Amino acid sequence: MEEQIKQGTYEIKQRARAGSYESNDLLVEVVPDTTLVILIKSVVDDLYHDAIKEQVEKTLSQLSITKGKILIDDRGALDYAIRARVRAAIERSSK
């Protein structure tokens, strides 16, 4: 079942983080920028880079994010954790 994410318009106004460096988690950092840049570092990058990027892009689209630098340091997180951490970082940055 697809997770329902509250859609809205958010803006990355300040540097913010969500997550951790624990195994099976990820740390997401968002920083204001004039363009949209997604940088992914993952312990499973060879296998899952595209899938991680897809989850990040999908969440950014749902939150209407078109600008900002999104830094992902993944330790093998599952899709739902990726979506939740990206959303949390965006919401913290928008305050």
Side-chain angles (χ1 to χ4, degrees):
M1 177 183 258
E2 182 77 20
E3 174 186 329
Q4 291 290 341
I5 294 181
K6 178 182 163 188
Q7 294 190 10
T9 301
Y10 292 86
E11 181 182 345
I12 298 174
K13 296 179 181 177
Q14 60 187 341
R15 181 181 298 265
R17 289 182 177 182
S20 73
Y21 287 117
E22 296 294 320
S23 181
N24 299 317
D25 200 356
L26 71 157
L27 183 68
V28 176
E29 184 172 4
V30 297
V31 181
D33 204 331
T34 58
T35 61
L36 183 60
V37 178
I38 301 170
L39 300 173
I40 299 170
K41 182 173 104 177
S42 175
V43 296
V44 292
D45 197 64
D46 291 345
L47 297 172
Y48 295 108
H49 180 90
D50 293 341
I52 294 167
K53 186 173 182 181
E54 179 182 336
Q55 292 303 316
V56 172
E57 288 175 337
K58 182 177 182 179
T59 305
L60 295 174
S61 175
Q62 290 173 330
L63 299 174
S64 301
I65 295 295
T66 58
K67 295 187 288 188
K69 187 178 288 186
I70 316 300
L71 308 166
I72 306 291
D73 193 342
D74 173 60
R75 305 297 167 127
L78 297 176
D79 290 354
Y80 71 89
I82 296 168
R83 293 189 303 268
R85 297 302 194 193
V86 169
R87 180 179 177 186
I90 296 296
E91 288 178 350
R92 289 175 182 171
S93 177
S94 293
K95 292 183 179 182

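Keep in mind that this is a model prediction, so the values were computed, not measured.
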Going only through I, L, V, M, F, W and Y residues with side-chain contacts under 4.5 Å, is there a path from [X] to [Y]?
X: Tyr21; Y: Ile40; answer: no
X: Leu60; Y: Val31; answer: no
X: Leu26; Y: Val37; answer: no

TODO: Please report the C-alpha distance between Glu22 and Arg75 in whole Å, then the side-chain angles of each, then the deciding distance to 0.1 Å, and finally whether the side chain to side chain contact (heavy atoms under 4.5 Å, CB included) criterion is met.
DONE: CA-CA 7 Å; Glu22 296 294 320; Arg75 305 297 167 127; over 6 Å; no
Task: Candidate pair Leu36 and Lys67, rule side chain to side chain contact (heavy atoms under 4.5 Å, CB included), full reasoning - done: CA-CA 4 Å; Leu36 183 60; Lys67 295 187 288 188; 5.7 Å; no
[X] side chain to [Y] backbone, donor-acceptor under 3.5 Å:
X: Ser94; Y: Ile90; result: yes
X: Arg92; Y: Arg17; result: yes
X: Ser93; Y: Ala16; result: no
X: Ser61; Y: Glu57; result: no

- [ ] Check step by step if side chain to side chain contact (heavy atoms under 4.5 Å, CB included) holds for Leu71 and Val30.
- [x] CA-CA 6 Å; Leu71 308 166; Val30 297; over 6 Å; no
- [ ] Could you go through the side chain to side chain contact (heavy atoms under 4.5 Å, CB included) check for Ile70 and Leu39 one step at a time?
- [x] CA-CA 6 Å; Ile70 316 300; Leu39 300 173; over 6 Å; no
Task: From OG (Ser20) to CZ (Arg85), nearest 0.5 Å - done: 6.0 Å
Task: Residues Glu91 and Lys95 bridged, charged N to O under 4.0 Å - done: no
Task: Sidechain N-carboxylate O distance under 4.0 Å for Lys41, Asp73 - done: yes
Task: Gln14, CD atom: more than 12 neighbouring heavy atoms under 6.0 Å - done: yes
TODO: Over all heavy atoms of both residues, which pair between Ser42 and Ile52 is shortest? Give the atoms and the distance, please.
DONE: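 Looking at all heavy atoms of both residues, the shortest contact is OG-CD1, 3.7 Å.
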